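What follows is a set of notes on a single structure, which appears directly below.
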Amino acid sequence: MTGAGSLGPWLRRYQVRPAAAVRLVCFPHAGGGAGSYRPWDTLLPSSVELVAVQYPGREDRFAEPPVAEMDELAGQVAGALRRVLDRPYLVFGHSMGSAIAYETVQRLRRLGVAEPDTLIVSGRPAPGEVTGGEVHLRDDDGLCDELTRLGGTPAEVLADPELRRAVLRYVRGDYRLIETYRPAPAPPLSCPVSVLRGGDDPELSAAQAAGWSRVTTGPLDVHTFPGDHFYLVSQRRAVVRTVLGTLDPALTRTGGSWAGIP
């Protein structure tokens, strides 16, 4: 990606907000790209700048092979982020992105970067609560069945042979990464953790959401929205409002009245 907003291959910034007091760093789900967060950008006040992580193998990095191991992926993202975290920041990750966000924050801490104001995770149990999986070993039809079960992938994409082949290439890589991920022991974080979930999400129960308390000595809160695993699409405004609500209003200079979010 080139242009005034370029932050290198790993990060996407859709609007440059030089006066922003806070950065919001977003990690996509398995099969997702940075573009999934582009609709969020218009909902943010001018005091918050969105930075979305772009994994290899999709969107404008389609020609690149997916990263096979969590350690390499989180290390690469942390290296890219440390150069832009010159102000307070939030981290948000959905599904697979929650695990990558957590691992990236751990690596940033080892690099001497302050923890985020809040780590916000969505649609996935805490690291270590779920291990293994065989989705990445299935044939293409089996992989499509999983995508259909969770929703979030348009049916017309899976029905088109060429599109389906392209999408399954990086989706399989993402499932391989997350299903072979084994978190290494690490000291707990000290930042607050917020957990977001869909009330009908088969991947994250309310009890599992509470398990994120084990990754931090800071406070934990859980927010439940109507919907399934991809509740954050239909509930976009409510989700963004909740994410912004974790901020100290003084940081945004808007008193908590978020532009564009009734």
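It should be emphasised that the depicted structure is a prediction, and the values quoted were computed from it without experimental measurement.
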| query | Is F27 close to V25 at the side-chain level, that is, under 4.5 Å between some pair of heavy atoms? | reply | yes
| message | Salt bridge or not between D71 and R107? Use side-chain N to carboxylate O under 4.0 Å. | response | yes
| message | Between E146 and Y175, is there a side-chain heavy-atom distance shorter than 4.5 Å? | response | yes
| field | R58 side chain vs P56 backbone, donor-acceptor pair below 3.5 Å | value | yes
| field | Minimal non-hydrogen separation, E115 against Y89, with atom names | value | C-OH, 3.6 Å
| query | Going by heavy atoms in the side chains, are V239 and Y231 under 4.5 Å from each other? | reply | yes
| query | Got a salt bridge between R12 and D60, using NZ or NE/NH1/NH2 to carboxylate O under 4.0 Å? | reply | yes
| Looking at Y14 versus W40, is the centre-to-centre ring distance below 6.0 Å? | no
| task | Answer yes or no: is there a side-chain heavy-atom contact under 4.5 Å between L220 and V222? | result | yes
| said: Does atom CD (E156) have a neighbourhood of more than 12 heavy atoms from anything else shown, all under 6.0 Å? | reply: yes
| Residue pair A99 / Y181: nearest heavy atoms and the distance that separates them | CB-CE2, 3.9 Å
| Result of checking L90, V105, V193 against P116 for side chain to side chain contact (heavy atoms under 4.5 Å, CB included) | V105
| message | Using every non-hydrogen atom in the two residues, find where A126 and V215 come nearest and quote the distance to one decimal. | response | CB-CG1, 4.3 Å
| query | Below 6.0 angstrom between ring centroids: does that apply to H29 and H229? | reply | no
| task | Quick one: closest heavy-atom pair of R23 and D86, and the distance? | result | NH1-OD1, 2.6 Å
| field | Salt bridge flag under 4.0 Å for residues R138 and D145 | value | no
| query | Do the non-hydrogen side-chain atoms of W10 and R61 ever get within less than 4.5 Å of each other? | reply | yes
| task | Report yes if the side chains of L85 and L108 come closer than 4.5 Å at any heavy-atom pair, otherwise no. | result | yes
| remark: Between R124 and the options L204, I178, V195, D201, the side chain to side chain contact (heavy atoms under 4.5 Å, CB included) test singles out I178
| Side-chain heavy atoms of Y102 within contact of V121, under 4.5 Å | no
| query | Heavy atoms, side chains only, cut-off 4.5 Å: are Q15 and E49 in contact? | reply | no
| task | Evaluate whether atom CZ of R149 has more than 12 neighbouring non-hydrogen atoms of other residues, nucleotides or ligands under 6.0 angstrom away. | result | yes
| Given D140 and R165, is the salt bridge (charged side-chain N to carboxylate O under 4.0 Å, His left out) satisfied, shown in steps? | CA-CA 8 Å; D140 286 356; R165 187 163 48 251; over 6 Å; no
| field | Over-ring placement of R169 relative to F62, 6.0 Å and 45° cut-offs | value | yes
| Can a salt bridge be assigned to the pair R214 and E129 using a cut-off of 4.0 Å between side-chain N and carboxylate O? | yes
| query | Taking NZ, NE, NH1 and NH2 as the nitrogens, is one of them in D141 or R164 under 4.0 Å from a carboxylate oxygen of the other? | reply | yes
